[in-house]
There are 2 protein chains.
Amino acid sequence: MESVNIKKLAQLLNLSIATVSKALRDSYDISQETKDRVMALAKELNYQPNPHASFLRKQNSKTIAVIIPEIANNYFTLAINGIESVAQEKGYHVIIYLSHEDYNRELAFTRLLTSGRADGVLISVSSTTTDYTHLHDLQNKGLPIVFFDRVCENFNTVKVTTDDYQSGYLATSHLIDQGCKRIAHLAISQSLSIGNKRAKGYIQALQDNGFTPDESLLIECTNNEEQDATLIKELLQQQKPDGIFAAVERYAIASYELCESLGLNIPEDVKVISFSNLQTASLLNPSLSTITQPAFEIGREAAAMLLKKLEKKNFQLPDESIVIQSKLITRKSTMR
Amino acid sequence: MESVNIKKLAQLLNLSIATVSKALRDSYDISQETKDRVMALAKELNYQPNPHASFLRKQNSKTIAVIIPEIANNYFTLAINGIESVAQEKGYHVIIYLSHEDYNRELAFTRLLTSGRADGVLISVSSTTTDYTHLHDLQNKGLPIVFFDRVCENFNTVKVTTDDYQSGYLATSHLIDQGCKRIAHLAISQSLSIGNKRAKGYIQALQDNGFTPDESLLIECTNNEEQDATLIKELLQQQKPDGIFAAVERYAIASYELCESLGLNIPEDVKVISFSNLQTASLLNPSLSTITQPAFEIGREAAAMLLKKLEKKNFQLPDESIVIQSKLITRKSTMR
DNA sequence: TTGTAAGCGTTATCAT
DNA sequence: ATGATAACGCTTACAA
């Protein structure tokens, strides 16, 4: 357990602790010779500064916290990849917290974060979160927060999202173009920014094309697979939609499974399109038309903004939304 | 940024710092009344002990590091879920490091970890890692290490895996049972424990069934999608296998894509089976037969062992392999 | 150019 | 039962 610390280096080199510390930080008033000696030994012994001790002095931990609802999800996985890529570039460490769509866990994490464990927070809020004071509290403590994907609209900071409204509009329009007359929307929690926007895009597209939105075709799904299956099954049996626009991948997958078990053919009986980052979308039976989100870029951008705030003394996180567009990729599931 | 610390609590309560500290830790020699007052105020002000300061004294950070090759991968995603579930139970924080299958990054992470940022390490090694001294160094510094999935066999610690050899054997036997005569194996790096074992299972199954393993049918794939596509394309065109056993999901997906582009039918022309945790395996065209790994449980078990070591003074990580079985799930891709 | 010493927030030892 | 104090490893005025 004996670790190499500054004290040890100082002893071995017959220098004071202060001199070693300054030499390591390449300070002006240390002779080049001393610096070289210190650096050489530090390298030889693989000296790593103790981050906890530096935190105590400098009040930064070179760590960011990422709070997400779940991780077994291609979207968040890609976003983490993006986040990690900039964190690694800048020498930051990434702590992951999974809220499992549970407000209380999210709350507990934010409480823990008031103690200096991380210098900033990236968050995509849980679907059961309706109150944002825990996040305001964090911000008030001086912890910079950047939202991505599931954002809090009226929060004074950067929010990175995709164009959810337009994409919802586009997906629905695409179904209309393909001849659908009864289009259902499997929506994600309407208390979520993305849920709301995607649904609004859906409704507007219907209206713009002369359809009257039908409440019984807009299903707000849950976080429970069984419950969702029941809802979707009822929808398919009772409302008999000829098009489904799924707000998230999971609902599209459930739809595929239920269509199979009910003997419905995609796309003949029902056409399906979904927000999705599934790698295998094109290999499904039938291949799935998707709104593919720039998840990696969203993660990168959010992390880049947060780290800019942490690194640049004078930079303040602006109160703005950064929108990175999704792409509509049509495949067989929506073919005429 | 003004944070609540012990000092502040002490001032407000007109107590000494020492008393407050002890009261918070529910020490024997503090009166119940004082404890109550301290606790009440701590709760009211949402006092959170500074983890960096405690580290300096106690030498533990309540943090574990997870080093994995990639995250856009259903297996690792599920494993993280398992790891996080026990970490959350025990109040530990999880830092994620992605080696991107690059030994040098893995090395850099382990160097960083010598400084106390984490109390222990869970690792699944990169496919380019052949030397394990960086990990031995970590262990020698007193950092407990637990391997999962891609383990180092001769390393004195716990290794949690699935039964890779038996599963490779099983997958291959299944293809034989389904009538395949020329079975190819798309192997992952043979320097990886899992790559080696899965391939050995494949070879043994062939031999036990009267086939002579053919080197040109055992393709060691890479980490580069294009290169893999070339390799698999050549395999399909030149060797014309009638069965493919893919060691990882990615190779199965590539096989599907290439069969499609080459006009080969699965399972009529080629049957395919793969190690995979794809949620959509049953929805693929055709549905994919898989060896499904208990990824969540593997993550849970690995984390549980590590945390046991961290929490129990007298517990030493045994030098043993914990094997949790995979399941063969047959679907259309291997139908006769 | 180098060294001394204080202090970051905690915990633990030893007094009181 | 409570308090004073040193120490953890590091940074940084300030002194030499």
Side-chain angles (χ1 to χ4, degrees), chain A residues 1-39 41-42 45-63 112-119 141-142, chain B residues 1-39 41-42 45-63 112-119 141-142:
Chain A
M1 192 66 100
E2 27 50 85
S3 54
V4 195
N5 53 25
I6 281 196
K7 203 181 194 172
K8 192 164 185 179
L9 293 181
Q11 280 171 353
L12 290 171
L13 293 165
N14 252 311
L15 288 170
S16 76
I17 290 179
T19 306
V20 173
S21 173
K22 281 184 247 178
L24 288 169
R25 335 210 77 247
D26 203 21
S27 162
Y28 292 107
D29 47 33
I30 299 291
S31 73
Q32 191 57 48
E33 193 200 330
T34 309
K35 280 187 196 169
D36 291 345
R37 286 177 60 214
V38 173
M39 292 297 198
L41 188 64
L45 301 184
N46 184 29
Y47 165 75
Q48 297 288 340
N50 184 306
H52 305 290
S54 354
F55 172 87
L56 241 42
R57 288 288 314 190
K58 304 198 300 178
Q59 300 292 320
N60 77 57
S61 60
K62 281 267 178 186
T63 302
L112 285 171
L113 288 172
T114 55
S115 61
R117 198 172 275 274
D119 301 335
K141 290 262 180 191
Chain B
M1 192 64 102
E2 26 48 88
S3 53
V4 197
N5 52 26
I6 282 196
K7 203 181 194 171
K8 191 164 185 178
L9 293 180
Q11 280 169 356
L12 290 171
L13 292 165
N14 252 314
L15 288 170
S16 75
I17 290 180
T19 307
V20 174
S21 174
K22 280 183 247 178
L24 288 169
R25 336 210 76 245
D26 202 22
S27 162
Y28 293 108
D29 47 33
I30 298 291
S31 73
Q32 191 57 49
E33 192 202 331
T34 310
K35 280 187 195 169
D36 291 344
R37 286 177 61 217
V38 173
M39 291 298 198
L41 187 65
L45 301 185
N46 184 28
Y47 165 75
Q48 298 287 340
N50 184 306
H52 305 290
S54 340
F55 172 87
L56 240 44
R57 288 289 315 190
K58 305 197 302 177
Q59 300 293 322
N60 76 56
S61 60
K62 282 267 179 185
T63 303
L112 285 171
L113 288 172
T114 55
S115 61
R117 198 172 275 274
D119 301 336
K141 291 262 179 190

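So you know, we letter chains A, B, ... as the sequences are listed, proteins then strands, and number each from 1.
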Inter- and intrachain pairs under salt bridge (Lys or Arg N to Asp or Glu O under 4.0 Å), touching residues 14-33 of chain A, at least two apart: A:Asp26-A:Lys35
Does any residue of residues 48-56 of chain B have a heavy atom under 4.0 Å from DNA chain D, and if so, which ones, in number order? B:Leu56
Under a plain distance cut-off of 3.5 Å, with no hydrogens placed, do B:Ser61 and B:Asp119 share a side-chain donor-acceptor pair? yes
At less than 4.0 Å, is any side-chain N or O atom of A:Tyr28 found next to OP1 or OP2 of D:dT12? Yes or no. no
Within a strict 4.5 Å, meaning less than it, do heavy atoms of the A:Val38 and A:Ile30 side chains meet? no
Which atom of A:Ser16 lies closest to which atom of A:Thr19, heavy atoms considered: OG-OG1, 2.8 Å
Protein-nucleotides 3-6 of chain C N/O pairs closer than 3.5 Å?
from	atom 1	to	atom 2	distance (Å)
C:dG3	OP2	A:Ser16	N	2.8
C:dG3	OP2	A:Ser16	OG	3.2
C:dG3	OP2	A:Thr19	OG1	2.6
C:dG3	O6	A:Lys22	NZ	2.4

Mind checking what makes side-chain contact (heavy atoms from CB on, under 4.5 Å) contact with B:Leu45, not counting sequence neighbours? B:Val4, B:Leu9, B:Leu12, B:Leu41
Between the two ends of the helix from C:dT1-D:dA16 to C:dT16-D:dA1, what is the bend in degrees, rounded to 10 degrees, where each end axis spans five pairs? 50°
Return the 5'-most residue of the pair A:Asp29, A:Ser21 with respect to DNA chain D, ranking by each residue's nearest nucleotide. A:Ser21
B:Tyr47 side chain near C:dG9 phosphate (N/O to OP1/OP2, under 4.0 Å): no
Taking only residues two or more places apart in sequence, or in another chain, which ones meet B:Arg117 in a side chain to side chain donor-acceptor pair (under 3.5 Å)? A:Thr63, A:His93
